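All values below were derived from every heavy atom in this structure, side-chain atoms included, with hydrogens, water molecules and symmetry-related copies excluded. Worth saying up front: this structure is predicted, and the values here are computed from it rather than measured.
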Amino acid sequence: MISANEKINEQDILAFELRHDIILPKVYVDFLLKYNGGYSKQAVFLISPDEGTSLVNKFYGIGDMQGNLDRAIDNLDGELPGGFISIGYDPAGNEICLGIKNSEYEGQVYFWMHDMESESEMGKMFLLNNDFTSFLNSLMEED
């Protein structure tokens, strides 16, 4: 990460989880404790061979900053399939999503295309990685 938000602690994360009645995967909690979101120099990721690439514009953090997890959850309420929260976004307003604990998608990272037409709840979702660490490690620098 080349930029991070103000540091948070485990109590901040617990309060966030209680506010939204969710449990975050441990690896993502560790990321929040270290960086609390922010920007990454390696930001490009492959959506799919057909859809091509996009980039993480910013990872959301917890706290009083523009682009925070609380606001993302409130703004996307009823939009994302159940079992997911948005943890970041791309320049086109699409969301990078993480499967929360105790969901069938726990720990998996998906890309949600807001303007894609689909009949099914998961039809706008593209699996990026099976876990958050692999997703971070797969990010590439822009050309």
- Take M125 and Q108 through the test side-chain contact (heavy atoms from CB on, under 4.5 Å) and record every step on the way to the result. CA-CA 12 Å; M125 302 288 278; Q108 296 178 343; over 6 Å; no
- Report the C-alpha distance between S54 and D90 in whole Å, list the side-chain angles of each, state the deciding distance to 0.1 Å, and finish with yes or no for side chain to side chain donor-acceptor pair (under 3.5 Å). CA-CA 7 Å; S54 186; D90 80 347; 2.7 Å; yes
- Message: Could you walk me through whether L76 and W112 satisfy the side-chain contact (heavy atoms from CB on, under 4.5 Å) test, starting with their C-alpha distance in whole Å, then the side-chain angles of each, then the deciding distance to 0.1 Å, before giving a yes or no?
- Response: CA-CA 11 Å; L76 295 166; W112 179 73; 3.9 Å; yes
- Message: Pair D70, H20 - check side-chain contact (heavy atoms from CB on, under 4.5 Å), show working.
- Response: CA-CA 8 Å; D70 285 298; H20 298 286; 2.5 Å; yes
- Message: Run the side-chain contact (heavy atoms from CB on, under 4.5 Å) test on V27 and D131 for me, step by step, so that the C-alpha distance in whole Å, both residues' side-chain angles and the decisive distance to 0.1 Å come before the verdict.
- Response: CA-CA 9 Å; V27 68; D131 64 85; 5.8 Å; no
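Heavy-atom minimum distance, K41 versus E141: CE-OE1, 3.6 Å. The shortest non-hydrogen separation linking G67 to K58 is O-NZ, 4.2 Å. The heavy-atom pair separating G88 from S86 by the smallest distance is O-OG, 3.1 Å. Closest approach of L32 to I8, counting heavy atoms only: O-CG1, 3.7 Å. Among all heavy-atom pairs drawn from C97 and L80, the shortest one is SG-CD2, 3.8 Å. Heavy atoms only, all atoms of each residue included: S40 and M1 are closest at CB-SD, 3.9 Å.
Taking hydrophobic clusters as Ile, Leu, Val, Met, Phe, Trp and Tyr residues chained together by side-chain heavy-atom distances below 4.5 Å, I96 shares a cluster with I73. Hydrophobic cluster membership is shared by Y28 and V56, with clusters built from Ile, Leu, Val, Met, Phe, Trp and Tyr side chains linked at under 4.5 angstrom. Following chains of ILVMFWY side-chain contacts shorter than 4.5 Å, one cannot reach F45 starting from F84, and the two form parts of different hydrophobic clusters. I85 and M113 fall within a single hydrophobic cluster, where Ile, Leu, Val, Met, Phe, Trp and Tyr are joined by side-chain heavy atoms under 4.5 Å apart, directly or via other members. Connection of L127 to I47 is not established within any shared hydrophobic cluster, with ILVMFWY side chains joined at heavy-atom distances below 4.5 Å, either directly or through further cluster members.
Judged by distance alone, the side chain of N68 and the main-chain N or O of G63 form a donor-acceptor pair under 3.5 Å. Between the side chain of E142 and the main chain of V44, no donor-acceptor pair closer than 3.5 Å is present. Judged by distance alone, the side chain of N94 and the main-chain N or O of H114 form a donor-acceptor pair under 3.5 Å. Although no hydrogens or angles enter the test, the distance criterion places a donor-acceptor pair under 3.5 Å between the side chain of N5 and the main chain of N36. Although no hydrogens or angles enter the test, the distance criterion places no donor-acceptor pair under 3.5 Å between the side chain of D77 and the main chain of D74.
Between F59 and F135, the ring-plane angle classifies as perpendicular under the 30° and 60° cut-offs. Taking the six-membered ring where the residue is Trp, F31 and Y35 present tilted rings, their angle falling between 30° and 60°.
With respect to D30 and K26, a salt bridge is recorded, a charged nitrogen being found less than 4.0 Å from a carboxylate O.
At most 12 heavy atoms of other shown residues, nucleotides or ligands fall within 6.0 angstrom of atom CD in E6.
Interatomic distance, Y89 OH to N75 CG, rounded to the nearest 0.5 Å: 12.0 Å. Expressed to the nearest 0.5 Å, how far CD of E95 lies from NZ of K124 amounts to 11.5 Å. One finds the CG atom of L55 at 10.0 Å from the CE atom of M140 (value rounded to the nearest 0.5 Å). Here L33 contributes atom CG and N9 contributes atom CG; the two are 7.5 Å apart, rounded to the nearest 0.5 Å. The structure places NZ of K7 at 13.0 Å from CD1 of I62, a figure rounded to the nearest 0.5 Å. For the atom pair CD1 of I22 and CD1 of I100, the computed distance is 5.5 Å after rounding to the nearest 0.5 Å.
Under a 4.5 Å side-chain heavy-atom criterion applied to ILVMFWY residues, the cluster that includes L14 comprises L18 as well.
Aromatic ring centres of Y110 and Y105: separated by under 6.0 Å.
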